[in-house]
Amino acid sequence: MTLVNFNNRTRNTAPYFNNVFDSLFSDAVTKNKMVDKSPNVNILENETAYVIELAAPGLRKEDFQINLKKDMLSVWADVKKDETQVAKDFTRKEFDYSSFARSFNLPDTADGDNITAEYKDGILNINISKKDDAKLQHKEIVVS
């Protein structure tokens with residue numbers, strides 16, 4: 001048995017056939033609702049704090065759990081929805097489960113006792129204050 005390379009660009013005999021399989025496999029991967037995706041995150045640093053912005057639209061603030069263990073900050077959400085519709089001749093019931101978990105290693109300069117979180121407009125903002133000795137201090141140095 002020999003292996004033959006197949007190049008779709010050089011064969012014009014059945015391009016539709018190949019496109020059907022390409023779209024079938026790509027749709028199966030992208031439309032699978034059981035695949036959990038981690039939300040996108042922005043991490044910012046300013047003079048007094050570290051800020052984590054986590055994009056999680058469609059959730060409520062009660063869905064989030066935030067935990068700090070040593071220098072590991074963990075954020076997760078576990079949402080379960082159960083929708084039932086009863087009509088004259090049928091009953092429709094749908095389940096929807098979604099969850100994610102993200103963990104962040106905090107630097108030594110982070111103040112674990114001073115962390116706040118706010119969920120607004122689909123974005124979870126976690127504000128982690130810096131320790132007093134780690135805050136950037138502005139100082140002008142005179143050249144002599």
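Around atom CG of Asn40, no more than 12 heavy atoms belonging to other residues, nucleotides or ligands sit under 6.0 Å away.
Criterion: ILVMFWY side-chain heavy atoms under 4.5 Å apart, direct or through other members. Under it, Phe104 and Ile123 are not part of a common hydrophobic cluster. The cluster map of Ile, Leu, Val, Met, Phe, Trp and Tyr, joined by side-chain heavy atoms under 4.5 Å apart, puts Phe100 and Ile43 in the same cluster.
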For a side chain to side chain contact (heavy atoms under 4.5 Å, CB included) check, start with the C-alpha distance between Asn127 and Ile115, then their side-chain angles and the critical distance, and finish with the verdict. CA-CA 6 Å; Asn127 192 340; Ile115 298 176; over 6 Å; no

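By the 4.5 Å heavy-atom criterion applied to side chains, Gln65 and Val75 are not counted as neighbours. Residues Ile128 and Leu106 have side chains in contact (heavy-atom distance under 4.5 Å, counting atoms from C-beta outward). Counting heavy atoms from C-beta outward, Ile126 and Leu73 have side chains that approach closer than 4.5 Å. Arg102 places a side-chain heavy atom less than 4.5 Å from the side chain of Val41.
At a threshold of 4.0 Å, the pair Lys130-Glu47 does not count as salt-bridged, since none of the basic side-chain nitrogens sits closer than that to a carboxylate oxygen.
Residue pairs meeting the side-chain hydrogen bond (donor to acceptor under 3.5 Å, both in side chains) criterion with at least one partner in residues 66-75, sequence neighbours excluded, are Ser74-Ser103.
Remark: Asn114 CG to Thr116 OG1 distance equals 7.0 Å, nearest 0.5 Å.
Judged by distance alone, the side chains of Asp111 and Ser129 never bring a donor and an acceptor atom under 3.5 Å apart.
Not counting sequence neighbours, the partners of Tyr119 by the ring-ring contact (aromatic ring centres under 6.0 Å, His included) test are Phe64. Asn42 meets the side chain to side chain donor-acceptor pair (under 3.5 Å) test with Glu53; sequence neighbours excluded. The ring-ring contact (aromatic ring centres under 6.0 Å, His included) search around Tyr50 returns none, not counting sequence neighbours. Taking Asp63 as the reference, Arg60 meet the salt bridge (charged side-chain N to carboxylate O under 4.0 Å, His left out) condition, with sequence neighbours excluded.
Contact between Ser99 and Asp78 at its shortest, heavy atoms only, is CB-OD1, 3.6 Å.
Grouped by direct or indirect side-chain proximity (heavy atoms under 4.5 Å, Ile/Leu/Val/Met/Phe/Trp/Tyr only), Val51 sits with Leu44.
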